[in-house]
Structures are given as structure tokens and as C-alpha cells.
Protein chains: 2
Amino acid sequence: MSRKAFQRLSLDDRRRSLMEATLVCVAQHGLHGATVRRIAEEADVTAGLVRHYFGSKDEMIRTAYAYLVGQLTARASDSARQTEGDADRQLRQFLRANVTLPNLSEQKVSLWATFIGRVRYDPQFAEIHREGYREFLNLLEALVEPVLMAHKRPHSATICKRHAIALNGLIDGLWMEGSLNSGLYSQALLPDILVEASERLLGLPPGSLSKPRTTQEQ
Amino acid sequence: MSRKAFQRLSLDDRRRSLMEATLVCVAQHGLHGATVRRIAEEADVTAGLVRHYFGSKDEMIRTAYAYLVGQLTARASDSARQTEGDADRQLRQFLRANVTLPNLSEQKVSLWATFIGRVRYDPQFAEIHREGYREFLNLLEALVEPVLMAHKRPHSATICKRHAIALNGLIDGLWMEGSLNSGLYSQALLPDILVEASERLLGLPPGSLSKPRTTQEQ
DNA sequence: CGTATAATTATTCAAATGTATAACTACTGA
DNA sequence: TCAGTAGTTATACATTTGAATAATTATACG
């Protein structure tokens, strides 16, 4: 009767591996079906490791939630930051990144929803959510302001915040819709719908976000 | 040692009572914490009744989900139908009803999110979701078309559907945001933000939805 | 007022779950 | 090459869980 062969991983690698296994299990089986044993099996380790790396199952799940939120925001933010061009193009790119792969993923939406469902009644989840929301809203405000300025639209702090809230709502809503109802209409439409809708929300001239001039044309 | 005194309820009353207890428990403790025993206690009955009225715990939870979805849509729909006035006012009222009490409730959003998280991997939840989504989108399309016509805007079936999708995304997103982040900004702003944003999305003249003329003024 | 019956309670059971602890082994450094 | 150690496995355990069954009783009906 030989023991299972195993490999030692660095602290970071093992933790990440366990968090990712956690996310897979929560997505597939929900919080109630994501048992320590199943998560351990997904990560190809035994259940005892959970306690070793995280104090408890709940702690591991919370950490995985924060990991997910960070990933989602970072992807969209990076996408905007790596874009060459004026404010319009950067906002456009940020918007599109939210409803495009890899962020537009049924698994990620499922996960996000599952966790959101706990925010109201679990203070620790609430804290993670609040922090992520604040960061996302700040990013959005920072992208919106220069666009409004460039188009000579009102751009007070209050107005920017209001726009950011509405935009964030639109993004979240379409992101969920798009991932959950992939059969009902083409996901390829989503980025266009979002960008055009955002254009209208901000009161920009038609085409300023949806048909941006290339850098050369400017 | 006397037994617990109990009252016999009609089939409908008992089922509704159990479904509502289920929703309370799922909201408070999540799907994993909503045990048969807890739900039974919430409904002030013993656990055996669950099996009697629903084949299993899972069946009861599914039924409760469908019950919730129906309630949400009905509330918004009724609100619009009971509104006197032109197409603008009806759409306005429908929109506002989605981000106003009783639909704007942290518990309902939590519930909704929790269930949405299961849609992707559970075909039975998916069916309930799809049906509810379809119904909501149809309602929205039917409200949007006459508004576009009245304002002499393009209103082909394709355009109406596209608008309905974007509006639905906006509604869902703001609904969630508003319920989850009540601390960050006043919930009283939500209906206005939604109506103004919808106005822009549909390309309507400013004020046509957000500052509707009263019936007398028309 | 009595009786049938189905709604409800009370109890039981096997399986699953989170956690705790002990045993083992892959890797590190000398 | 060889210990030492910490990462990892294996096992054990008390609790909880969903479900099944038996025992009671509220209510409708004649």
C-alpha cells in the first residue's frame, strides 16, 4: 500500500492552485457543492492541505473570491492601459474588454453571481465586494472625465461619478446577460451594444466611441 | 411528552409558506446553509413536510426560484399596467418599478444572484431563468416600441429587440448595484439615473421620460 | 357525534462534511 | 550522502444533512 506520489510547490503556487480549484468547484457545484474534498481532488492534493494553507474552508473561499475580483478588474484595466490613442479609444477599449474574452465567460459570471449572493449577509464578503467596486468605479471615473472634457461636455466630479455609476450598471448587466443568454443572441453584438449605449449615456456625438478615428487620422 | 400543536393548511398556502421560508433561508445562509431543517423551522413545521409537499429539497428550491422570478416580473409589469397615460409614462413607470421598493430589496438581489450562479451548470435552473428572461424582454419590447413610434424614431423589430436587451442589462445592473451598495450613494437617485439613462439609450429628447407631462397637460 | 384520512410530527439511518491529528516523504543544505 | 524539516498524505471523529418510515392528530364529512 503505497502513498500517493506528490510534488512540493512553493507557497504561492500551491495557494494559487488551491484558489483556482476552489473557483472551478464553486462554479460547477455552487458554494454548497464545493466541498473540501472535491476542491482538493480538483487541485490534485488531499483535503488536509486546505487547513495547512488556509485556516479553514471559508477562509479559502473568501481568498478565492478576492482573487477573482482582482483578476476581472485587472484584465479590463490592463486592456485600456495598453491601448494607444486618445481618451475615447481608451474608454472604448475598457468597455469592450469587460464584455469580451476572457472576462466574458460563463464560468466567471456564475462565480461572481454566487459570491454576490453572499455579500449581503457575510461581512467579510461584503468587504471584498466593496473594495472591488470602489476600485472599478474609480477606474471608470478616471476614464470618463477626459472623454467628457474632450467633447466639451459637463464633467464635474459629481457628473463623472453619476456617469460612472450608470456605466458600471450597464457593464455588469450586459456582462451577465451576455454570458447567461449566449443562445438568445450573438455574443459578438455585446461590445457594440455596450459601446453605443455608453456613447448615448455620456451624451457623446454618435460614433465618437463606436467608430473611433485611428491614431493616424487624428 | 406532548406533540407540537399544528394547523392544517391548504395545499397552496402550505406550499407558499414553505417557498417563502426557503427564500428567506437561501438569502440569509446561501444555498449551502439553507438546510431542510432550517427551512422547516423558518416555516414553523418539521422537516418531514418538505418531502411531503415537494419531492425533495432540490425540487423545493427550484420551485421557490421560479416563484421569486415570477414575483419580480409581475410587480414591474403590474406597475406599468396600472399607470394612466401615454406610452412614455408607462415605460417610465415600468423602469422605476424595477429600482424601487418592493423590487429594490437587498434580499431579493441576493437571492437572484445566488440562483443565477446555478443557472450555468444546472439545466433545471437554466430553464427557469430562460423563461423568466424571455418574458421580461418581451414586456420591455412591447413598452419600447410605442415610445419610439411616438417620438418618430426607428422602431423595427430588430431595433426594438436591441434596445430591450440594452435596457434589460441596464436595469439588472443598476438594480444590483443599488441594492448592494446602498451605502455609497443614495438609493433615491437610482430611479432617476435609470430613467435618464434609458432616455439616452433610446435616443429620446431630454426630458421625455424623466420629466413627463401630466395627463392634463397633454 | 364518530370515524376516516391525509396532513403533520417524531424518530431513525446512512452518507457526507469540516476539522483535527498522526504518519510519511520530497526537498534543502551541509 | 544524509539528516532535518516542512509540505503532504492518510486516517479518524464528531456533527450535520437529506431522506425514509412510523406514529399521531387535525379536520372534513356523513
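Chain letters run A, B, ... following the sequence lines, proteins first, then strands; residues in each count from 1.
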Nearest whole angstrom, please: distance from the [atom2] of [N] to the [atom1] of [X].
| X | N | atom1 | atom2 | result |
| --- | --- | --- | --- | --- |
| B/R38 | D/dT16 | CZ | C1' | 11 Å |
| B/R51 | D/dA22 | CZ | C1' | 13 Å |
| B/L49 | C/dA10 | CG | P | 11 Å |
| A/Q7 | D/dT8 | CD | C1' | 12 Å |
| B/E59 | D/dA19 | CD | P | 11 Å |
| A/R15 | D/dG7 | CZ | P | 12 Å |
| B/I61 | D/dG18 | CD1 | C1' | 11 Å |
| B/I39 | D/dT16 | CD1 | C1' | 15 Å |

Checklist line | Upstream residue (5' side of DNA chain C) when A/G55 and A/G33 are each assigned their closest nucleotide | finding: A/G33
Margin query: Taking the nucleotide of DNA chain C with the nearest heavy atom to each, does B/R37 or A/A47 sit closer to the 5' end?
Written below: B/R37
So that I can tick it off, tell me whether [Y] and [X] are bridged by a salt bridge, with the cut-off set at under 4.0 angstrom between side-chain N and carboxylate O.
| X | Y | answer |
| --- | --- | --- |
| A/R81 | A/D78 | yes |
| B/R130 | B/E127 | yes |
| A/D12 | A/R15 | no |

Heavy atoms under 4.0 Å, any strand shown: does [X] hit a base, just sugar-phosphate, or nothing?
| X | value |
| --- | --- |
| B/T46 | base |
| A/R14 | sugar-phosphate |
| A/V45 | sugar-phosphate |

Next item on the list: Indicate yes or no for a side-chain donor-acceptor contact from B/R92 to the backbone of B/S210 under 3.5 Å, with no hydrogens or angles considered.
Entry: yes
Notebook entry, point to check: Distance-only, no hydrogens or angles: does the B/R38 side chain make a donor-acceptor pair with backbone N or O of B/G33 under 3.5 Å?
Noted result: yes
Next item on the list: Would you mind telling me which of D/dT17, C/dT17, D/dT9 lies closest to the side-chain atoms of B/T35?
Entry: D/dT17
Check: Which nucleotide, C/dA7, D/dG18, D/dT8, lies nearest any side-chain atom of B/H52?
Finding: C/dA7
Check: Hey, which of these two, A/Y53 or B/A34, hits DNA chain D nearer its 5' end, going by closest nucleotide?
Finding: A/Y53
